[in-house]
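Here is the naming used below: chain letters follow the sequence lines, and residue numbers restart at 1 for every chain. What you see below is based on every heavy atom in this structure, not just the backbone, and it leaves out hydrogens, waters and symmetry mates.
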2 protein chains.
Amino acid sequence: MSPSPNAPTPVAIPEPTLKRLPYYYKFIQGQREARRDFVSCTTLAEALGLNPIQVRKDLQATGAVGRPKVGYHVETTLDAIEECLGYHNTQDIFLVGAGHLGQALLAYPGFAEIGFNLVAAFDADPAKVGREVAGKPILEASRLSDLVRRMHIQIAILAVPAAAAQMVTDTLVRAGIRAIWNFTPTRLAVPREVLVQDENLLASLSVLSKQLENSRVKSHKESIHGKPEEL
Amino acid sequence: MSPSPNAPTPVAIPEPTLKRLPYYYKFIQGQREARRDFVSCTTLAEALGLNPIQVRKDLQATGAVGRPKVGYHVETTLDAIEECLGYHNTQDIFLVGAGHLGQALLAYPGFAEIGFNLVAAFDADPAKVGREVAGKPILEASRLSDLVRRMHIQIAILAVPAAAAQMVTDTLVRAGIRAIWNFTPTRLAVPREVLVQDENLLASLSVLSKQLENSRVKSHKESIHGKPEEL
DNA sequence: TAGATTGTTAATCGATTAACAATC
DNA sequence: TAGATTGTTAATCGATTAACAATC
């Protein structure tokens, strides 16, 4: 499954697909526990509220191959998704900022399941430094740069106050970080080769609230004009 | 700005645009503090690492109008975004599940700034019930349904263990909830009229890690073939 | 064999980007 | 006036959906 040195560069999997794969994975795991050997894309689609064709395309992107009339083999498909999402290759990551959210992330047991080892947190607040959360130490912020370098940390979680976001980012970048999972509402300035994944919680909530408002207007209009509900 | 009863239904604003608006808002606020009266889409685009044309389109969607050669008026543009994202109309919301993540959300002061009033949390754990986090009470889960109904709560944050996600969702739906901000890794089954915004943290981290892997392969290939870096 | 299900190729849809006219 | 900047219309791009052939 992993490409040989001379294999053509695998086509990058679209982000929407990547975001759906964990749902397939979870559902197919359930099928395994239920001792089922095969699962069809129709079953998956129905359970997850998706289009069966989309499920097929998504699974195809992982390299999973189905058998007509039978469906996808549970074991090999789980393997394909694991391989695709890198659940196998364990990777050490750092957390910067041990506030409420940071500590919640520190305590979160889910990372290990998908191949991440959250090693330590860093914070500038002396009251927090030296404490542990879920067995993970909170270290002095000044040690961040050196440890990123020495431990070849590639991914950092950024959960500091907005005001400190860019400064901490600059430190991380100078220390050689490759990717930042950004929980601050700041758009970070980084060199091209550094990846940033924004997790702007307030923005997501705003989206939801706006969509709610839209649906209110729409259903109001529909109740006036008697427009039938579509699928 | 808000549509009159007979106005045509405003075109729904695309989700990608909605997610970018908070960044514009924050930056333009900064301009206001710097006593600037106008801001151009070029300035915005540069500061946020976006395409100027995209910024223009996004602002247009909020109803903001710019002046050629001058740019967008800071005050009225901020108003337009506030109006568009509903920062004005305050809304009560509930949190279900007061674990680490839930408590972090309870303590988060940002919701109020964008018009949300996180009133209370609910949890099934008697050890948590009765406590307060940041002045917000944690209430007995059995009271959830009744209070959603009585207080006409429209939006709930779901931060319960995955195993309880669907059950709690069913309760919320029966109580008349209109939208769920879902922090569990479960795809919730809900009636058509109920909105769900998924916040699947593990999925996001997987995406980041996968993109990192891709970029490694790519930059390796480039270093072999000497492909010049593009903008 | 017949029918269910996958895989592939084409059509659609929506968001982004480009080109250019309008205007302060 | 000239030039910078917006607004609009068209082109591109990528993801989703549809149609249909292949196959167990």
Do you see a donor-acceptor pair shorter than 3.5 Å between the side chains of B:Gln166 and B:Asp170?
-> yes
Could you tell me whether a side-chain N or O of A:Lys210 sits under 3.5 Å from a main-chain N or O of B:Gly86, the two making a donor and an acceptor?
-> no
Hey, which of these two, A:Asp58 or A:Pro68, hits DNA chain D nearer its 5' end, going by closest nucleotide?
-> A:Asp58
Considering every strand shown, what is the Watson-Crick or G-U wobble mate of C:dA18 when both distances are under 3.5 Å?
-> D:dT9
Taking only side-chain nitrogens and oxygens of B:Gln54, does any of them come within less than 4.0 Å of OP1 or OP2 of C:dA18?
-> no
Testing C:dT16, D:dT17, D:dA15 for proximity to the side chain of A:Pro16, the answer is D:dA15
Rounded off to whole Å, could you give me the CD-to-P distance for the A:Glu15 and C:dA15 pair?
-> 16 Å
Please determine, for C:dG3, whether a Watson-Crick or G-U wobble partner exists with both distances under 3.5 Å, and give it or none.
-> D:dC24
Below 4.0 Å: OP1/OP2 of D:dT16 and any side-chain N or O of A:Asn51 | no
Does B:Tyr72 place a side-chain N or O at less than 4.0 Å from the phosphate oxygens OP1/OP2 of C:dC24?
-> no
How would you label the contact of A:Arg56 with the nucleic acid (heavy atoms, under 4.0 Å): base, sugar-phosphate, or nothing?
-> base
Rounded to the nearest 0.5 Å, what separation is found between the OH atom of A:Tyr25 and the CG atom of A:Leu85?
-> 9.0 Å
For atom CD of A:Glu46, is the number of surrounding heavy atoms from other residues, nucleotides or ligands below 6.0 Å larger than 12?
-> no
Which residue, B:Ile53 or A:Ile13, contacts DNA chain D at a nucleotide closer to its 5' end, judged by nearest heavy atom?
-> B:Ile53
Side-chain atoms of B:Ser40 come closest, of D:dT5, C:dA18, D:dG7, to D:dT5
When the distance from CD of A:Gln60 to C1' of C:dT5 is rounded to whole Å, what number comes out?
-> 13 Å
OP1, OP2 of C:dT16 versus side-chain N and O of B:Arg20: anything below 4.0 Å?
-> yes
